[in-house]
Engineer: 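Okay, handing you the structure first.
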Amino acid sequence: TDGSQRVGVGNRAVRIVRGYEDGQDGGSEARSSFLDAGFHSLLGLRVAASIDHGILDRIVEGCAHAASFAAGTVSTGQLISIFGDNIGPVNAVAGNWENGLLGKSLEGVEVYFDEFRAPILFASRRQVNVVIPFGVAGRENVRIVVRNGFQSAHFLEQKCAKAQPGLFTMESTGKGLALALREDGTNHSATSPIRAGSVATVFGTGFGLPVSPWADGQVVTSAERFREGVRVFVGGQESVVEYAGSAPGQLAGIAQVNFRVPPADMSGARDQVFAVEGE
């Protein structure tokens, strides 16, 4: 009666039967008893296994800006990385495409920002990369939920801003040389820097909404400017921004900024060159 084991009493050949009646009292809470050597046409054995989907109760390490790796505030259209444990498949997989859009389900993984599902760029056991849906624009806070199979990790709540810009870097760490192009379209580097007075192109994410709306997960084929103004400073000097908007041919949410490096140098030589760093 108290749930403890009965030892040394009763008939040890009698076994408990659960859910035994055919069509009646079929739930697992039903109990009866039969001899272990007995046979009955209505009795059988159902073999079952509990599947451990492995997802933790919460996202352990939170999320970070996919370009700058800054944590905290996020913005609509921003690419972010979510970190945790067992939040995705054991073997890492890249996003898939569905009807020309980046898919919102990947190997059973789904990521929600409030009620909006996010396009998924990458998923692994420890990391999921997504694009924040444009539908969360204007909200002060957003709740992020990662689902793996039919189980959900504990939600993560983040502050949401109009924009949270960051630049992609050569080493994909958020630090050091920016992923940038020189005026002739070639890659800039420490040995092939950008010359003062020329136009440089950098790439990033988190620049907010475009003037014309984009669909979540679409590839933007044209140049669409952002609603929020973009300012660029090089060595503390403000430069002329010639374009700030979508990166044509790239995923919606990836930004391209073309700016002219100030011709006035900081050391006296007018042919001063600059290696642009991410910030």
Side-chain angles (χ1 to χ4, degrees), residues 52-98 101-137 139-169 171-175 179 203-209 214-218 250-255 278:
D52 181 9
H53 287 269
I55 196 160
L56 299 182
D57 290 335
R58 63 188 179 91
I59 299 173
V60 177
E61 300 172 21
C63 65
H65 197 294
S68 67
F69 284 81
T73 306
V74 299
S75 65
T76 182
Q78 178 184 324
L79 278 64
I80 70 168
S81 296
I82 302 172
F83 302 99
D85 195 14
N86 298 318
I87 58 175
V90 173
N91 297 318
V93 290
N96 52 44
W97 296 87
E98 303 170 358
L101 299 176
L102 184 63
K104 298 178 180 179
S105 179
L106 184 60
E107 296 290 320
V109 178
E110 294 180 334
V111 181
Y112 286 80
F113 289 77
D114 290 341
E115 70 271 29
F116 300 100
R117 275 200 308 166
I120 303 177
L121 289 154
F122 168 88
S124 70
R125 178 175 172 269
R126 294 278 298 161
Q127 179 177 340
V128 178
N129 296 347
V130 300
V131 186
I132 299 177
F134 291 105
V136 303
R139 302 187 182 188
E140 293 184 0
N141 298 282
V142 63
R143 178 173 292 190
I144 306 170
V145 174
V146 180
R147 291 183 179 175
N148 184 5
F150 58 84
Q151 294 186 346
S152 299
H154 186 69
F155 71 86
L156 177 71
E157 191 154 338
Q158 296 287 110
K159 290 188 177 296
C160 196
K162 287 184 178 180
Q164 196 70 13
L167 298 181
F168 292 110
T169 59
E171 297 181 358
S172 301
T173 61
K175 298 181 182 299
L179 182 64
F203 301 91
T205 187
F207 284 69
L209 290 172
W214 294 331
D216 292 330
Q218 81 168 88
Q250 299 296 323
L251 191 65
I254 295 180

Engineer: For Arg125, is there any backbone N or O sitting under 3.5 Å from a side-chain donor or acceptor partner on Asp85?
Structural biologist: no
Engineer: Measuring from atom CD1 of Ile132 to atom CZ of Phe116, what distance do you get when rounded to the nearest 0.5 angstrom?
Structural biologist: 12.5 Å
Engineer: Using modelled atom types only, decide if a donor and an acceptor are shared between the side chain of His65 and the backbone of Thr73 within a distance under 3.5 Å.
Structural biologist: no
Engineer: Is there a donor in the side chain of Gln127 and an acceptor in the side chain of Asn129, or the other way round, less than 3.5 Å apart?
Structural biologist: yes
Engineer: Is the side chain of Thr76 donor-acceptor paired with the backbone N or O of Pro133 at a distance under 3.5 Å, no angle test?
Structural biologist: yes
Engineer: Ser68 side chain to Gly166 main-chain N or O, any donor-acceptor pair under 3.5 Å?
Structural biologist: no
Engineer: Residues two or more places apart in sequence or in another chain: which of them pass side chain to side chain contact (heavy atoms under 4.5 Å, CB included) with Arg143?
Structural biologist: Asp114, Val145, Phe155, Glu157
Engineer: Does some side-chain heavy atom of Cys63 sit less than 4.5 Å from a side-chain heavy atom of Ile80?
Structural biologist: yes
Engineer: Heavy-atom distance under 4.5 Å between the side chains of Leu121 and Val130, does that happen here?
Structural biologist: no
Engineer: Is a side-chain donor or acceptor of Ser81 paired with a backbone partner of Ala64 at a separation under 3.5 angstrom?
Structural biologist: no
Engineer: State whether the side chain of Gln218 and the backbone N or O of Leu251 hold a donor-acceptor pair below 3.5 Å, judged by distance alone.
Structural biologist: no
Engineer: Examine distances only and state if a side-chain atom of Arg126 and a backbone atom of Gly84 form a donor-acceptor pair shorter than 3.5 Å.
Structural biologist: yes
Engineer: Could you measure the distance from the OG atom of Ser124 to the CD1 atom of Ile87? Nearest 0.5 Å is fine.
Structural biologist: 7.0 Å
Engineer: Can you tell me if CD on Glu140 sees more than 12 non-hydrogen neighbours from other groups inside 6.0 Å?
Structural biologist: no
